[in-house]
Q: 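If you scroll down you'll find the structure; I have some questions about it.
For reference, positions follow the sequence shown, starting with 1. Every heavy atom of this structure was used, including side-chain atoms; hydrogens, water molecules and symmetry mates were not.
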Amino acid sequence: MSEAKWYVVHTYSGYENKVKANIEKTIENRHLEDQILEVRVPLEDVVEMKNGTAKQVQRKMFPSYVLINMVMNDDTWYVVRNTRGVTGFVGPGSKPVPLTEEEMRPLGIKEETVQVDFAEGDTVVVTGGAWKDTTGVVSAINMQKQVVTINVEMFGRETPVVISFAEIKKM
């Protein structure tokens with residue numbers, strides 16, 4: 001499978017948050033969580049002067065644009081391109097072009113590398129959340145989303161549970 005990259009999608013003016021919500025709903029419905037990782041409307045904090053008072057507000061950095069971190073293939077292209085409010089991907093013709101590292105830097109989006117002290121097959125203890133103090137065996141690790149799938153025993157059978165890296169520790 002190819003690597004996820006950031007793409008820019010053009011939307012109708014004022015539809016950025018609606019497009020973000022619609023794409024996230026479609027990701028959930030079609031189970032594309034491993035292919036479309038993040039949808040973002042970049043915001044910046046600015047100070048506006050109104051009636052002589054300074055007010056801190058958030059403003060869209062790029063009106064009419066939404067950033068999407070995704071693995072580009074026919075399915076993901078179709079889902080994003082046919083979302084209500086989307087006019088198309090940014091790029092020549094119908095071929096989307098991913099953002100480069102230089103283009104990503106000013107947006108404050110950094111590719112983070114996380115070191116973990118556990119691997120598949122290791123036994124871990126959940127330290128927080130609904131599964132606190134539960135012991136399980138790691139069956140899968142998703143570095144991009146920073147979650148692990150562990151198998152816990154529930155009602156006498158093995159059940160997979162997805163938990164954040166921050167909520168587990170190795171036994």
Side-chain angles (χ1 to χ4, degrees), residues 1-9 16-44 61-62 65-83 86 89-91 95-171:
M1 184 169 83
S2 60
E3 190 177 320
K5 293 183 174 30
W6 284 94
Y7 294 89
V8 181
V9 174
E16 301 89 348
N17 292 326
K18 288 180 186 132
V19 166
K20 179 181 190 283
N22 288 342
I23 291 173
E24 287 173 344
K25 192 70 169 164
T26 305
I27 292 168
E28 190 179 312
N29 292 342
R30 294 190 179 203
H31 304 292
L32 295 171
E33 293 90 349
D34 58 334
Q35 294 177 349
I36 302 176
L37 306 174
E38 188 176 353
V39 182
R40 200 181 268 195
V41 178
L43 301 171
E44 61 184 345
M61 290 173 78
F62 309 109
Y65 292 96
V66 174
L67 301 177
I68 302 179
N69 188 10
M70 61 188 252
V71 175
M72 183 58 70
N73 60 37
D74 290 342
D75 291 339
T76 57
W77 180 89
Y78 181 84
V79 163
V80 173
R81 182 65 189 84
N82 291 297
T83 299
V86 171
F89 281 93
V90 172
K95 181 156 176 35
V97 177
L99 293 174
T100 63
E101 281 296 319
E102 294 77 41
E103 293 168 324
M104 297 298 293
R105 211 167 287 123
L107 302 177
I109 301 172
K110 296 175 182 66
E111 296 299 321
E112 299 172 6
T113 55
V114 178
Q115 297 292 326
V116 293
D117 63 343
F118 47 81
E120 288 185 26
D122 287 352
T123 303
V124 294
V125 175
V126 181
T127 59
W131 295 93
K132 186 175 176 153
D133 299 328
T134 305
T135 305
V137 176
V138 177
S139 62
I141 300 175
N142 185 335
M143 294 303 271
Q144 288 178 320
K145 288 193 167 187
Q146 298 186 5
V147 295
V148 297
T149 303
I150 63 171
N151 289 326
V152 297
E153 189 168 319
M154 187 166 57
F155 305 120
R157 60 176 69 148
E158 293 268 309
T159 305
V161 178
V162 178
I163 304 221
S164 166
F165 285 175
E167 294 182 341
I168 63 169
K169 70 176 183 182
K170 188 175 177 180
M171 283 187 72

Q: Quick one: closest heavy-atom pair of Gly91 and Val97, and the distance?
A: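 Minimum heavy-atom contact is CA-CG2, 4.0 Å.
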
Q: What pair of heavy atoms forms the shortest contact from Met171 to Thr135, and how long is it?
A: SD-CG2, 3.5 Å

Q: Using a 4.5 Å cut-off on heavy atoms from C-beta on, say whether the side chain of Thr76 contacts that of Val71.
A: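 SC-SC contact between Val71 and Thr76 ruled out.
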
Q: What do the steps show when you test Ile163 against Val124 for side chain to side chain contact (heavy atoms under 4.5 Å, CB included), and what is the final call?
A: CA-CA 11 Å; Ile163 304 221; Val124 294; over 6 Å; no

Q: Kindly give the heavy-atom pair with the smallest separation between Asp133 and Val125, and that separation in Å.
A: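 Heavy-atom minimum between the residues: CA-CG1, 4.3 Å.
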
Q: How far apart are the closest heavy atoms of Leu37 and Ala4, and which atoms are they?
A: CD1-CB, 3.5 Å

Q: Using modelled atom types only, decide if a donor and an acceptor are shared between the side chain of Thr149 and the backbone of Ser139 within a distance under 3.5 Å.
A: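 Side chain of Thr149 to backbone of Ser139, a donor-acceptor pair under 3.5 Å: no, none is there.
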
Q: I want to check something: taking the side chain as every heavy atom from C-beta on, are Met72 and Pro98 in contact at a cut-off of under 4.5 Å?
A: no

Q: Measure the spacing between NZ of Lys5 and CE of Met70 and express it to the nearest 0.5 Å.
A: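 Answer for the NZ-CE pair, Lys5 versus Met70, is 12.0 Å.
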
Q: Return the CG to CE distance between Leu43 and Met61, rounded to the nearest 0.5 Å.
A: 9.0 Å

Q: Is the CG atom of Asn29 crowded by more than 12 outside heavy atoms at less than 6.0 Å?
A: yes

Q: Any side-chain heavy atom of Trp131 within less than 4.5 Å of one from Glu167?
A: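 Trp131 vs Glu167: side chains apart.
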
Q: Are Leu67 and Leu99 side-chain neighbours, meaning at least one heavy-atom pair lies under 4.5 Å?
A: yes

Q: Kindly assign one of parallel, tilted or perpendicular to the pair Trp77 and Phe89, based on the angle between their ring planes and the thresholds 30° and 60°.
A: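 Ring orientation, 0 to 90° scale: parallel.
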
Q: Output yes when a side-chain donor or acceptor of Gln35 lies under 3.5 Å from a complementary backbone atom of Leu32, and no otherwise.
A: no

Q: Any side-chain heavy-atom pair from Val86 and Asn22 closer than 4.5 angstrom?
A: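 They are not in side-chain contact.
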
Q: Between Val66 and Arg40, which heavy-atom pair has the shortest distance, and what is it?
A: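 Shortest heavy-atom contact: CG1-O, 3.6 Å.
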
Q: Look up atom CD in Glu38 and atom CD in Glu24, then write down how far apart they are to the nearest 0.5 Å.
A: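 One gets 9.0 Å once the value is rounded to the nearest 0.5 Å.
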
Q: Looking at Ile168, Ile150, Thr123, which one forms a side-chain contact (heavy atoms from CB on, under 4.5 Å) with Phe118?
A: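 One option only clears the test, and that one is Ile168.
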
Q: Could you tell me the separation between the CD atom of Glu28 and the CD1 atom of Ile36, rounded to the nearest 0.5 Å?
A: 13.0 Å

Q: Thinking salt bridges, do Glu16 and Lys20 make one under a 4.0 Å N-O criterion?
A: no

Q: Just verifying a value: how many Å separate Asp74 CG and Arg81 CZ, rounded to the nearest 0.5 Å?
A: 14.5 Å

